[in-house]
Protein chains: 2
Amino acid sequence: MNEHRDTGLRLTPQRIAILDCLKGNKRHPSAEDIYRVVRIKFPTMSFATVYSTLAVLKEKRKVVELTIDAGKKRYDPETLSHNHLICVVCKKIVDAATSDTPRLRGREEQGFKLIASHTDFYGLCPGCREHYAGQEDNYVCRS
Amino acid sequence: MNEHRDTGLRLTPQRIAILDCLKGNKRHPSAEDIYRVVRIKFPTMSFATVYSTLAVLKEKRKVVELTIDAGKKRYDPETLSHNHLICVVCKKIVDAATSDTPRLRGREEQGFKLIASHTDFYGLCPGCREHYAGQEDNYVCRS
DNA sequence: GTGATTGCAAACTGTTTGCATTTTG
DNA sequence: CAAAATGCAAACAGTTTGCAATCAC
């Protein structure tokens with residue numbers, strides 16, 4: 001009945017709220033971001049529930065964990081391969097399409113069995129751009 | 001006199017040990033990895049010193065912070081732009097050269113001022129490959 | 001000598017775990 | 001009704017901070 005049946009997980013009201021929060025969410029929210037949203041409907045919601053639901057969703061490939069933001073995991077309901085554009089000041093993350101996918105130079109694979117790849121782009125978002133234009137050098141970009 | 005003079009920071013014995021540990025280090029060590037190494041020579045060395053030195057080095061662009069590994073920062077003394085190849089099982093990180101650099105599709109920049117980009121490649125390293133071959137599907141790759 | 005660095009401990013942030021209670025299928 | 005999820009609190013890991021003692025320049 002419920003639109004989230006296909007996740008294959010037991011649908012508790014809390015989980016439905018989390019799934020609703022994630023559905024089509026392009027903000028790449030952290031666990032706390034999600035917690036704050038679902039807690040509006042479920043004041044008793046605990047962090048442990050958010051984390052355990054995210055763990056199950058990750059296992060079922062319904063969500064992907066991003067490590068772009070140091071010291072805080074962020075989650076992306078878009079699990080098809082895509083790239084990101086990250087603001088080095090406010091850490092906003094938006095999806096980015098690229099014109100091509102880079103390849104490792106043949107002999108550079110060093111015995112690795114390749115599974116996937118993705119590219120992160122760093123920059124200043126429109127908002128931060130205003131305040132920090134010309135100070136790009138002050139920001140370290142590499143993840 | 002000391003080979004690390006050019007870093008522009010006050011050279012205490014502890015800092016020299018940290019710089020020695022980082023010099024040419026291709027292992028992308030975490031703060032703890034560094035701590036364990038320098039503590040052999042300086043048993044009184046504290047974590048705070050490692051972190052504060054890393055903070056200064058980061059500021060002076062002598063080292064770059066990697067967020068590839070969730071929940072644990074790793075450091076790279078190679079500050080020129082380059083890419084990484086990461087083992088999804090043991091988190092080993094090695095440098096990788098690519099044949100090309102992807103570009104954002106023109107209208108995709110969404111008002112961002114671009115500063116930099118890099119590509120992460122995921123796979124199984126030679127060692128883990130043996131034990132986990134055929135189980136690639138069990139590993140989530142996206143950072 | 002003075003300002004920066006060290007070492008220690010305590011504080012903090014984000015995440016994980018144990019367990020009694022409740023709920024889903 | 002059995003297996004799984006919740007909520008709470010406590011435990012954890014990694015990182016940061018405050019401060020007195022020490023050290024580099």
Side-chain angles (χ1 to χ4, degrees), chain A residues 1-21 28-60 62-75 91 140 143, chain B residues 1-19 21 28-36 38-60 62-75 91 140 143:
Chain A
M1 212 70 208
N2 187 291
E3 65 164 320
H4 296 299
R5 262 175 322 170
D6 70 311
T7 51
L9 37 84
R10 284 201 182 192
L11 290 182
T12 61
Q14 293 89 336
R15 284 184 167 182
I16 293 171
I18 292 171
L19 288 164
D20 283 341
C21 169
H28 309 82
S30 65
E32 193 182 354
D33 293 335
I34 296 167
Y35 174 68
R36 274 205 294 263
V37 169
V38 294
R39 223 162 75 106
I40 295 171
K41 277 199 175 169
F42 292 88
T44 68
M45 166 80 64
S46 96
F47 252 110
T49 299
V50 174
Y51 280 111
S52 86
T53 300
L54 287 170
V56 176
L57 291 174
K58 193 167 57 164
E59 207 173 276
K60 296 199 181 295
K62 298 299 181 188
V63 89
V64 125
E65 206 171 77
L66 309 182
T67 64
I68 290 169
D69 201 343
K72 180 187 278 187
K73 293 176 185 168
R74 295 178 60 167
Y75 298 86
K91 309 298 179 195
V140 175
S143 82
Chain B
M1 213 70 210
N2 187 292
E3 64 163 321
H4 295 300
R5 261 174 322 170
D6 70 311
T7 51
L9 36 86
R10 283 202 181 191
L11 291 181
T12 62
Q14 293 89 334
R15 285 182 168 183
I16 292 172
I18 292 171
L19 289 164
C21 169
H28 309 84
S30 65
E32 193 182 353
D33 294 334
I34 296 167
Y35 174 69
R36 274 205 294 263
V38 294
R39 224 163 74 107
I40 295 171
K41 277 199 175 170
F42 293 88
T44 68
M45 166 80 64
S46 97
F47 251 110
T49 300
V50 174
Y51 279 112
S52 87
T53 300
L54 286 170
V56 176
L57 290 175
K58 193 167 57 165
E59 207 172 277
K60 295 199 181 297
K62 298 298 181 188
V63 90
V64 126
E65 206 171 77
L66 309 183
T67 65
I68 290 169
D69 202 343
K72 180 187 277 185
K73 293 175 186 170
R74 295 178 60 166
Y75 298 87
K91 308 300 180 193
V140 175
S143 84

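Each chain gets a letter, A, B and so on, in the order its sequence line appears, and its residues count up from 1.
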Next item on the list: Tell me whether the OP1 or OP2 atom of C:dT6 has a side-chain N or O from B:Arg10 closer than 4.0 Å.
Entry: no
Check: Does a side-chain N or O from B:Tyr51 land closer than 4.0 Å to OP1 or OP2 of D:dT16, or not?
Finding: no
Margin query: If the cut-off is 4.0 Å, is A:Gln14 near the phosphate of D:dG7, judged by side-chain N/O to OP1 or OP2?
Written below: yes
Notebook entry, point to check: Which of the following nucleotides, D:dT6, D:dA24, D:dG7, is nearest to the side chain of A:Arg15?
Noted result: D:dT6
Margin query: Using a 4.0 Å heavy-atom cut-off, does B:Ser30 contact any base of the nucleic acid, only the sugar-phosphate backbone, or nothing at all?
Written below: nothing
Check: If you find the nucleotide of DNA chain D closest to B:Ala31 and the one closest to B:Thr12, which residue's nucleotide is nearer the 5' end?
Finding: B:Ala31
Item checked: Comparing B:Leu9 and A:Thr49 on DNA chain D - which has the more 5′ nearest nucleotide -> A:Thr49
Next item on the list: Could you tell me whether A:Arg74 and A:Asp69 have a side-chain N and a carboxylate O separated by less than 4.0 Å?
Entry: yes
Checklist line | B:Leu54 and B:Ile34, any side-chain heavy atoms less than 4.5 Å apart | finding: yes
Notebook entry, point to check: Among side-chain atoms of A:His4 and A:Asp20, is any donor-acceptor pair under 3.5 angstrom?
Noted result: yes
Note to self: On the nucleotide D:dT15, are OP1 or OP2 found under 4.0 Å from the side-chain N or O atoms that A:Lys72 carries?
What the structure shows: no
Next item on the list: Please determine, for the side chain of A:Thr44, which listed nucleotide (D:dG7, C:dT16, C:dT6) has the closest atom?
Entry: D:dG7
Notebook entry, point to check: What nucleic acid atoms does B:Pro43 come within less than 4.0 Å of, heavy atoms only: base, sugar-phosphate, or nothing?
Noted result: nothing
